[in-house]
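Heads up, the thing below is written out as structure tokens.
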Amino acid sequence: MIRFDAAQALLAEAVTPLASERVSLAAAAGRVLAEPVHAALPSPRHDVSAMDGFAVRDVDSAPGARLRLTGDSYAGGSPPSAVGPGEAVRIFTGAPLPPGADRVIVQENCASADGFVTLARSFGPSRHVRDRGSDFVAGERLLPAGRRLDPQAMVALAGADRADARVHRRPRFALIATGDELVAPGSAAANPQAIPESVSFGVAALAAAYGAEPVARYTGTDDLPALERIAAEALGPADLVVVTGGASVGARDFAKAMFAPHGLDLLFARVAIKPGKPVWLGRAEGRWVLGLPGNPTSALVTARLFLAPLLLALQGQAPGEALEWIDLPLAAPLDPTGERETFVRAAWTAAGLRPLTNQDSGAQAALAGAGWLVRCRAESPECRAGETVSALRF
């Protein structure tokens with residue numbers, strides 16, 4: 001059994017990104033760049049107005065000046081005529097600045113009539129001009145490789161005049177839930193010995209949130225030959241197989257055994273954490289296989305701590321980006337921990353993080369209120385309310 005940080009280091013060293021592909025701009029949202037993005041043109045492409053108003057020469061712009069209007073300038077319109085001494089051009093936001101003009105007087109400070117504009121009121125020092133290339137110049141790197149194309153990055157990608165992007169392929173994942181007692185939600189009430197299979201739905205949602213693409217989903221009973229067949233089928237289309245349950249040392253725990261015929265090679269077998277000690281990671285037939293506990297809270301905690309960074313690494317991001325711990329205050333005390341590093345589920349309140357009352361590894365209802373994981377190192381003493389702790393968004 002290894003420590004949490006050691007397991008994360010092994011994962012970061014072993015997992016390499018999937019191959020890349022080129023996708024259209026419309027299909028790029030949420031994907032991770034496999035190469036940097038450089039601007040094809042400057043932005044703005046010309047000196048442009050930042051306001052609606054009148055483009056003038058600075059030497060002519062004094063309160064009370066009366067200037068002759070010689071034309072208009074619209075964004076996307078024909079290039080405006082030059083502004084000479086004593087002249088002005090009506091201009092609109094985003095429109096190119098006429099040659100000769102170096103200032104825009106906003107329309108609220110002007111009065112126009114009979115082909116002339118009078119600078120009726122005093123105005124501040126701002127030129128109200130966005131200079132050519134002031135946002136970025138042609139050839140400038142706007143986005144690095146490894147950047148996920150979130151809404152902000154999508155704006156930069158499109159603004160770079162790029163119709164497509166080279167991105168890492170989305171990880172294809174298969175999910176296997178194991179256990180004789182598990183049945184599809186909605187059918188458990190008919191069988192007193194059954195429980196709804198809930199874990200896979202949470203794990204699948206987390207995987208999708210980190211960019212994975214589901215390709216298969218199975219529920220298997222505790223029958224080794226049947227599970228071996230499921231494992232073979234799941235490994236076929238997947239880059240990653242996640243198996244839940246059967247991860248302890250019981251006589252009917254086949255989570256690892258089901259992959260033995262497929263050459264399972266473990267990276268680590270157990271991690272000294274609570275909850276989730278049975279979590280494991282390995283490879284079979286060139287695919288990654290992640291084993292999660294069957295208890296709902298344990299499964300979701302370990303998915304957040306190991307599946308999330310694994311998926312980022314497969315997409316060319318640093319796995320540590322999934323584990324951004326921040327310091328936050330406690331709103332209530334925390335008990336001391338034992339020999340295993342403990343991840344306490346907590347909710348955010350106005351006073352800080354409040355640990356949930358129910359910390360049981362099998363809890364389901366409590367998960368809905370668990371917005372944070374508080375990291376408590378092994379053998380940590382009691383923490384009092386008001387102390388600062390290290391926390392991760394759950």
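- If you take CH2 on Trp280 and CZ on Phe268, they are separated by 10.5 Å, rounding to the nearest 0.5 Å.
- Between Asp47 and Arg132, none of the side-chain N atoms (NZ, or NE/NH1/NH2) sits under 4.0 Å from a carboxylate O, so this pair counts as no salt bridge.
- The environment of Glu13 atom CD is sparse: at most 12 non-hydrogen atoms of other residues, nucleotides or ligands sit within 6.0 angstrom.
- Under a 3.5 Å cut-off, the side chain of Arg172 and the backbone N or O of Pro237 do form a donor-acceptor pair.
- Thr342 contributes a side-chain N or O that, together with a main-chain N or O of Arg340, makes up a donor-acceptor pair within less than 3.5 Å.
- Remark: side-chain polar atoms of Arg345 are paired, donor with acceptor, to backbone N or O of Gln359 under 3.5 angstrom.
- For the side-chain contact (heavy atoms from CB on, under 4.5 Å) with Val289, the qualifying choice from Leu235, Leu267, Leu266, Asp265 is Leu235, the only one to do so.
- Listed for the Arg130 side chain is no donor-acceptor partner under 3.5 Å among the backbone atoms of Val48.
- Cys110 contributes atom SG, which lies 11.5 Å from atom CG of Asp52 (distance to the nearest 0.5 angstrom).
- A side-chain donor-acceptor contact under 3.5 Å links Thr337 to the backbone of Glu379.
- With respect to the salt-bridge test (charged N to carboxylate O, under 4.0 angstrom), the residues Glu87 and Arg68 qualify.
- When side chains are defined from C-beta on, Leu281 does not count as touching Val279, because their heavy atoms never get closer than 4.5 Å.
- No more than 12 heavy atoms of other residues, nucleotides or ligands sit less than 6.0 Å from atom CZ of Arg393.
- Although no hydrogens or angles enter the test, the distance criterion places a donor-acceptor pair under 3.5 Å between the side chain of Asp150 and the main chain of Ala153.
- Here Leu240 contributes atom CG and Leu307 contributes atom CG; the two are 6.0 Å apart, rounded to the nearest 0.5 Å.
- The existence of a salt bridge linking Arg22 and Asp164 is confirmed by a sub-4.0 Å separation between a basic side-chain nitrogen and an acidic carboxylate oxygen.
- Neither side chain, Asp327 nor Thr388, offers a donor N or O lying under 3.5 Å from an acceptor on the other.
- Taking the six-membered ring where the residue is Trp, Phe306 and Phe4 present perpendicular rings, their angle passing 60° and hence far from 30°.
- A salt bridge does not link Glu341 to Lys274: none of the charged nitrogens lies less than 4.0 Å from a carboxylate oxygen.
- When all heavy atoms of Leu119 and Asp60 are compared, the pair lying nearest together is CD1-O, 4.2 Å.
- A donor-acceptor contact under 3.5 angstrom links the side chains of His262 and Glu285, judged on distance only.
- In this structure, Arg3 contributes its side chain and Ala6 its backbone to no donor-acceptor pair below 3.5 Å.
- Separating the CG atom in Leu69 from the CZ atom in Arg90 is a distance of 9.0 Å, to the nearest 0.5 Å.
- The two residues Ala88 and Val117 make their nearest non-hydrogen contact at CB-CG1, 3.8 Å.
- The number of heavy atoms from other shown groups lying within 6.0 Å of CD (Glu382) is above 12.
- More than 12 heavy atoms of other residues, nucleotides or ligands lie within 6.0 Å of CZ in Arg217, so this atom counts as buried by the packing criterion.
- Across all non-hydrogen atoms, the minimal contact from Thr93 to Ala50 is CG2-O, 3.9 Å.
- Judged by distance alone, the side chain of Asp161 and the main-chain N or O of Ala40 form no donor-acceptor pair under 3.5 Å.
- Side chain of Asn295 to main chain of Ser298: no donor-acceptor pair is present (N/O by atom type, distance under 3.5 Å, no hydrogens or angles).
- Under the side-chain contact (heavy atoms from CB on, under 4.5 Å) test applied with Val389, the options Val374, Val344, Ile326 reduce to a single match, Val374.
- Considering all non-hydrogen atoms of both residues, Ala366 and Ala363 come closest at CB-CB, 4.0 Å.
- Using a cutoff of 4.0 Å between basic side-chain nitrogens and carboxylate oxygens, Glu21 and Arg170 are not scored as salt-bridged.
- There is a side-chain donor-acceptor pair under 3.5 Å between Gln364 and Ser198.
- In this structure, Asp5 pairs ionically with Arg377, as a charged nitrogen and a carboxylate oxygen lie closer than 4.0 Å.
- Here Thr178 contributes atom OG1 and Leu224 contributes atom CG; the two are 11.5 Å apart, rounded to the nearest 0.5 Å.
- Thr349 and Arg354 are not linked by any side-chain donor-acceptor pair at a separation below 3.5 angstrom, with hydrogens and angles left out of the test.
- Counting side-chain heavy-atom gaps under 4.5 Å among Ile, Leu, Val, Met, Phe, Trp and Tyr, the cluster of Leu182 also holds Ile195.
- Val199 and Glu197 get closest at one heavy-atom pair: N-OE2, 3.1 Å.
- For the residue pair Gln315 / Arg31, no side-chain donor-acceptor distance below 3.5 Å is found, with atom types taken as modelled.
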